[in-house]
Amino acid sequence: LGPETGAVPDLLARLQDALLPPALPLPARWHALRRHRLRRASRDLADEVSALMRRRRATRREDSPPAVADLLDTACEEGALTREGATSVIVANLFAAHETTAAALSWLLLLLDRHPHLRRRVRDEADRELAGRPPTAADVPRLPVAGAVVKETLRLYPPLWLVQRTVEEPTELAGFPLRRGQRVGVSPFVLHRDPHHYDRPAAFDPDRWIERPDTPLPKYAFMPFGGGPRNCLGTHFATTAMTIAAATLTRDYRISQSPGTATTFDTRTILQPHGLTLDVAGPRIIDRDVLDRSIFGT
Ligand code: HEM
């Protein structure tokens, strides 16, 4: 969408609230109220996104790098997509791609602030391997410490902490009968803290991914990107972007939690550090075009 966000962050938060299943069984008429709230929150978000797209169309300069909205715009002009279709692609991606990665990076920056020795290791690795230039996706294999920090962050704080499936055929799971149509939740957050699979499961220990690569984990013991045929399409993209961001931000900035602020768990649809405020100090301002080029190669 470009740098302008309008009311999108607030409306996304409202939609996340509306999506939350009720903690307790609700009387029937409250369900209607919930559905109404959900519809209104989705409509308001879609309206704001299309308003931003319209504004971008009207004000975009020819020489500015294309944002996703511009690519979708072209698809609309060529008749490959309707305007509503383009808006819903953006709304879906705000959730699936943007909010998830943003939440994971927020946890990562908070964890590196709490573990200065790891921050130093990520910075030293970036200094050594990147020699002051902006990284590209091809550098990622040379940044194992940053990669392990990303993995360990996703283990402890998987942004999608609950993945859901609907039962298609009656079956049984661990002795529990499941009826057709029932919803089953699988929590990566819980699986990732299972002491059967992880030593000191609550500890932030990226070295577990570097030092013990030969101890294979069962397939679904680590699933921040879900599993099965509907797993995350952005797995590789997200880990690449996060590793590059971890290395670059740590190399170029001193990022710390603002004094006197507190963070709590926010377990709406996406697990995020609620109330996190960071102070950023550093000699270089990130040039958006340089960062885009290094991540997207365009
Ligand atoms: C740290 C970042 C991310 C995390 C933790 C994450 C996690 C997930 C999870 C858990 C699912 C559900 C999988 C399931 O139900 O088994 C999912 C689905 C999906 N993700 Fe991601 N994701 C991230 C980033 C991205 C990015 C960057 C993109 C796109 C560029 C993306 C695109 C998608 C799509 C399209 C789906 C739906 C796949 C389908 O239903 O077939 N995700 N993601």
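Source: prediction; values computed, not measured. Just so you know, residue 1 is the first one in the sequence shown, and it goes up from there.
Under the 4.5 Å side-chain criterion, counting only non-hydrogen atoms from C-beta, D113 is in contact with R254. Counting heavy atoms from C-beta on, the side chains of D47 and R43 come closer than 4.5 Å. In this structure, the side chains of V186 and M223 come closer than 4.5 Å at one or more pairs of heavy atoms. Counting only heavy atoms from C-beta outward, the side chains of R179 and V167 never approach each other to under 4.5 Å. For the pair L52/R55, a side-chain contact is recorded, criterion being any heavy-atom separation below 4.5 Å from C-beta on. Within the 4.5 Å cutoff, side-chain heavy atoms of F225 are placed close to those of L154. Counting heavy atoms from C-beta outward, P259 and D279 have side chains that approach closer than 4.5 Å. Looking at heavy atoms from C-beta onward, Q16 lies in side-chain contact with Q272 at the 4.5 angstrom threshold.
Atom CG in L112 sits 11.5 Å away from atom CZ in R123 (nearest 0.5 Å). A distance of 10.5 Å separates OG in S187 from CG in L160, rounded to the nearest 0.5 Å. In this structure, L11 CG and S42 OG are separated by 10.5 Å, a value rounded to the nearest 0.5 Å. Remark: T239 OG1 to I244 CD1 distance equals 10.0 Å, nearest 0.5 Å. The structure places CD of E125 at 8.5 Å from CZ of R121, a figure rounded to the nearest 0.5 Å. For the atom pair L72 CG and M53 CE, the distance stands at 5.5 Å (nearest 0.5 Å).
Annotation: cation-pi pair R208/Y198 absent, no NZ/CZ under 6.0 Å from the ring centroid and within 45° of its normal. Under a cutoff of 6.0 Å and an axis angle of 45°, R193 and Y157 form a cation-pi pair.
Salt-bridge formation is not detected for the pair D127/R251: no Lys NZ or Arg NE/NH1/NH2 atom is positioned less than 4.0 Å from an Asp or Glu carboxylate oxygen. Between D139 and R142, at least one side-chain nitrogen of the basic residue sits less than 4.0 Å from a carboxylate oxygen of the acidic one, meeting the salt-bridge criterion.
Exactly one residue among L38, L94, D10, D44 makes a side chain to side chain contact (heavy atoms under 4.5 Å, CB included) with L15. That residue is L38. Of the residues listed (W161, F265, F204), the one engaging W107 in a ring pair (Phe, Tyr, Trp, His ring centres under 6.0 Å) is F265, and it is the only one.
Shown here for A126 and L143, the closest heavy-atom pair between the two residues is CA-CD2, 4.3 Å. Taking every heavy atom of both residues into account, L109 and I255 meet most closely at CD2-CD1, 4.0 Å. When all heavy atoms are compared, the tightest approach of R34 to L19 is NH2-O, 3.9 Å. Annotation for L156 and F189: closest pair O-CE1, 3.5 Å, computed over non-hydrogen atoms. Among all heavy-atom pairs drawn from E99 and I270, the shortest one is CB-CD1, 3.4 Å. Nearest heavy atom pair, residue P141 against residue A138, reads CD-O, 3.3 Å.
Counting heavy-atom neighbours within 6.0 Å of H197 NE2, excluding the residue itself, gives a total above 12. Around the CD atom of E169, the shell of radius 6.0 Å holds no more than 12 heavy atoms that belong to other residues, nucleotides or ligands. When the shell of 6.0 Å around CD of E168 is examined, it contains 12 or fewer heavy atoms from other residues, nucleotides or ligands.
Note: the hydrophobic cluster containing L278 also contains L118 (ILVMFWY, side chain heavy atoms under 4.5 Å, direct or indirect links). Taken together through direct or relayed side-chain contacts under 4.5 Å among Ile, Leu, Val, Met, Phe, Trp and Tyr, L12 and V89 form part of one hydrophobic cluster. Put simply, M242 and L111 are part of the same group of oily side chains (I, L, V, M, F, W, Y) that touch within less than 4.5 Å, one to the next. In this structure, I90 is not a member of the same hydrophobic cluster as L233, with clusters built from ILVMFWY side-chain heavy atoms closer than 4.5 Å. V49 and L71 sit in two unconnected hydrophobic clusters of ILVMFWY residues. Membership requires side-chain heavy atoms under 4.5 Å apart, directly or through other members.
Remark: side-chain polar atoms of H98 are not paired, donor with acceptor, to backbone N or O of N93 under 3.5 angstrom. Distance alone, capped at 3.5 Å, is enough to place a donor-acceptor pair between the S258 side chain and the T277 backbone. Of the possible polar contacts, one joining the S88 side chain to the G85 backbone as a donor-acceptor pair under 3.5 Å is found. Panel note: side chain D70, backbone A67; a donor-acceptor pair is recorded below 3.5 Å.
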Margin query: Under the criterion side chain to side chain contact (heavy atoms under 4.5 Å, CB included), I'd like the reasoning laid out for R14 against R37: C-alpha separation, chi angles, the key distance, then a yes or no.
Written below: CA-CA 9 Å; R14 213 176 92 200; R37 219 177 126 214; 5.7 Å; no

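The ring of F222 has its center closer than 6.0 angstrom to the ring center of W209.
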